[in-house]
**Q** 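Have a look at this one.
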Amino acid sequence: FRSRTNIQNIKGDKTVIDFGGIDKALQNEFDKVSFKGQIKNKDAANTLQQAKEIIDEWKKLDPAEYHTPEGIDALKQSVGQILEGVQPRTVSDTVIKGVYNSIKNEINKQAPTYAKTMKAYTDSTEQIREIERALSLGDKASDRKSTRLNSSHSQQSRMPSSAWKK
C-alpha cells in the first residue's frame with residue numbers, strides 16, 4: 001500500500017529535472033573513450049553515441065510531461081536497454097553505466113520523493129528475494145526427504161517375490 005502511494009507521489013511530482021548533470025556525465029564518459037577528439041575505443045564511443053541520441057531526443061520533448069521524475073525515469077529505462085545489450089565488464093559497459101547512473105542520480109538529487117520511493121522499492125525487492133531464497137531452501141530440504149523416501153520404497157519393491165511368501 002505504501003509503495004503504491006509513493007508511486008502516485010512520483011506520478012504527481014511535476015518537478016522539471018535539469019539535464020545539466022546528465023550532460024556533464026555524458027561528456028565525462030566520452031572523454032574516457034577519446035583523446036583530443038580522437039576515438040580510442042570505437043565500441044564504447046558508439047554505445048555512448050546511442051545514449052546521447054536518446055537523451056538529445058528526450059530533451060526536445062515537452063518538459064512538463066517528459067522532464068518530470070516519472071519522465072526521466074523512463075529515459076533512464078531507455079538508456080538501460082542499451083546497458084542490457086553490451087558485454088559485461090567492458091569499456092562500453094563501464095561508460096554506459098556511468099550515463100545510466102548519472103540519470104538516476106539527477107532524479108534522486110532533484111526529486112527527493114523519487115529517491116525515497118526507489119529506496120523503498122529496492123528494500124522491498126530485497127525482502128522478497130530473501131523470502132524466495134528461504135522458501136527455495138525449504139523446497140530443497142523436502143526434495144531430499146522425498147528422494148530418500150522414494151529410494152527406500154524402491155528397495156522394498158525389488159525384494160524377490162519368494163521373500164513375500166514367508
Side-chain angles (χ1 to χ4, degrees), residues 1-140:
F1 174 74
R2 186 188 319 156
S3 64
R4 192 173 290 149
T5 303
N6 288 341
I7 290 171
Q8 289 301 87
N9 289 341
I10 289 175
K11 290 181 180 217
D13 187 348
K14 297 302 177 190
T15 302
V16 174
I17 305 294
D18 179 68
F19 278 81
I22 297 167
D23 291 336
K24 184 177 181 182
L26 189 59
Q27 186 57 55
N28 287 342
E29 299 305 329
F30 267 114
D31 290 347
K32 292 177 184 176
V33 299
S34 63
F35 176 75
K36 296 184 180 185
Q38 297 302 306
I39 302 298
K40 297 188 300 186
N41 185 315
K42 265 189 179 169
D43 288 340
N46 289 338
T47 300
L48 286 171
Q49 187 59 40
Q50 285 180 305
K52 182 179 182 337
E53 289 169 8
I54 291 170
I55 292 166
D56 287 346
E57 285 300 312
W58 212 271
K59 287 180 186 176
K60 295 175 188 175
L61 300 172
D62 179 11
E65 290 294 318
Y66 294 93
H67 300 185
T68 62
E70 182 182 22
I72 300 298
D73 184 69
L75 170 63
K76 181 187 74 168
Q77 292 172 35
S78 294
V79 172
Q81 291 294 311
I82 298 170
L83 178 59
E84 288 179 14
V86 299
Q87 188 74 24
R89 295 180 303 281
T90 61
V91 175
S92 295
D93 180 57
T94 301
V95 296
I96 198 63
K97 278 181 183 171
V99 174
Y100 177 88
N101 288 330
S102 76
I103 296 169
K104 183 171 70 175
N105 292 341
E106 285 304 310
I107 307 170
N108 286 339
K109 195 181 332 174
Q110 297 180 45
T113 301
Y114 175 87
K116 289 177 194 167
T117 301
M118 290 299 109
K119 179 167 181 355
Y121 174 79
T122 302
D123 292 348
S124 297
T125 302
E126 186 54 37
Q127 287 176 344
I128 290 168
R129 285 190 187 130
E130 286 178 26
I131 292 167
E132 286 173 342
R133 281 192 292 267
L135 291 174
S136 70
L137 287 176
D139 287 348
K140 288 179 183 172

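Counting from 1, the numbers follow the sequence of the chain as shown. Bear in mind that the values here come from a model prediction, so they are computed numbers and not experimental data.
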**Q** If you apply the rule salt bridge (charged side-chain N to carboxylate O under 4.0 Å, His left out), what do you find for Glu132 with Arg129, and how did you get there?
**A** CA-CA 5 Å; Glu132 286 173 342; Arg129 285 190 187 130; 5.9 Å; no
**Q** The test is side chain to side chain contact (heavy atoms under 4.5 Å, CB included); show your working for Asp43 and Thr90 and say whether it passes.
**A** CA-CA 10 Å; Asp43 288 340; Thr90 61; over 6 Å; no
**Q** Ile54 versus Ile82: any side-chain heavy-atom pair under 4.5 Å?
**A** yes
**Q** Using the ring-ring contact (aromatic ring centres under 6.0 Å, His included) criterion, which residues pair with Phe19? Sequence neighbours excluded.
**A** His67
**Q** What pairs with Asn28 under side chain to side chain donor-acceptor pair (under 3.5 Å), at least two apart in sequence or on another chain?
**A** none
**Q** Taking side chain to side chain donor-acceptor pair (under 3.5 Å) as the test, write out the residues that go with Asp31, two or more places apart.
**A** Gln27
**Q** Any chance you could measure Thr15, atom OG1, to Gln110, atom CD, to the nearest 0.5 Å?
**A** 8.5 Å
**Q** Tell me if the CZ atom of Phe30 is crowded by more than 12 foreign heavy atoms within 6.0 Å.
**A** yes
**Q** Nearest 0.5 Å, what's the CD-CZ distance between Gln87 and Arg89?
**A** 8.0 Å
**Q** With salt bridge (charged side-chain N to carboxylate O under 4.0 Å, His left out) as the criterion, how do Asp93 and Lys97 come out once you've worked through the C-alpha distance, each side chain's angles and the decisive distance to 0.1 Å?
**A** CA-CA 6 Å; Asp93 180 57; Lys97 278 181 183 171; 3.2 Å; yes
**Q** To the closest 0.5 Å, what do you measure between CG (Leu75) and OH (Tyr100)?
**A** 10.5 Å
**Q** Between Ser92 and Ala44 (side chain of the first, backbone of the second, donor and acceptor by atom type, cut-off under 3.5 Å), is there such a pair?
**A** yes
**Q** Determine whether Ile55 and Val99 satisfy the following criterion, side chain to side chain contact (heavy atoms under 4.5 Å, CB included), listing intermediate values before the conclusion.
**A** CA-CA 10 Å; Ile55 292 166; Val99 174; 3.9 Å; yes
**Q** Within the supplied structure, the quantity of interest is the number of heavy atoms (other residues, nucleotides, ligands) at a distance under 6.0 Å from Lys24 NZ; does it exceed 12?
**A** no
**Q** How many angstroms lie between CG in Leu83 and CD in Gln77, if you round to the nearest 0.5 Å?
**A** 12.5 Å
**Q** Where do Leu48 and Lys32 land on the side chain to side chain contact (heavy atoms under 4.5 Å, CB included) test, with the steps shown first?
**A** CA-CA 11 Å; Leu48 286 171; Lys32 292 177 184 176; over 6 Å; no
**Q** Given Val33 and Thr47, is the side chain to side chain contact (heavy atoms under 4.5 Å, CB included) satisfied, shown in steps?
**A** CA-CA 11 Å; Val33 299; Thr47 300; over 6 Å; no
**Q** Heavy atoms only: give me the nearest Glu65-Thr68 pair and the separation to one decimal.
**A** O-OG1, 3.5 Å
**Q** At what distance, to the nearest 0.5 angstrom, does CG of Asn105 lie from NZ of Lys76?
**A** 10.0 Å
**Q** Distance-only, no hydrogens or angles: does the Trp58 side chain make a donor-acceptor pair with backbone N or O of Tyr66 under 3.5 Å?
**A** yes
**Q** So how far is it from Ile128 CD1 to Leu135 CG, rounded to the nearest 0.5 Å?
**A** 11.5 Å
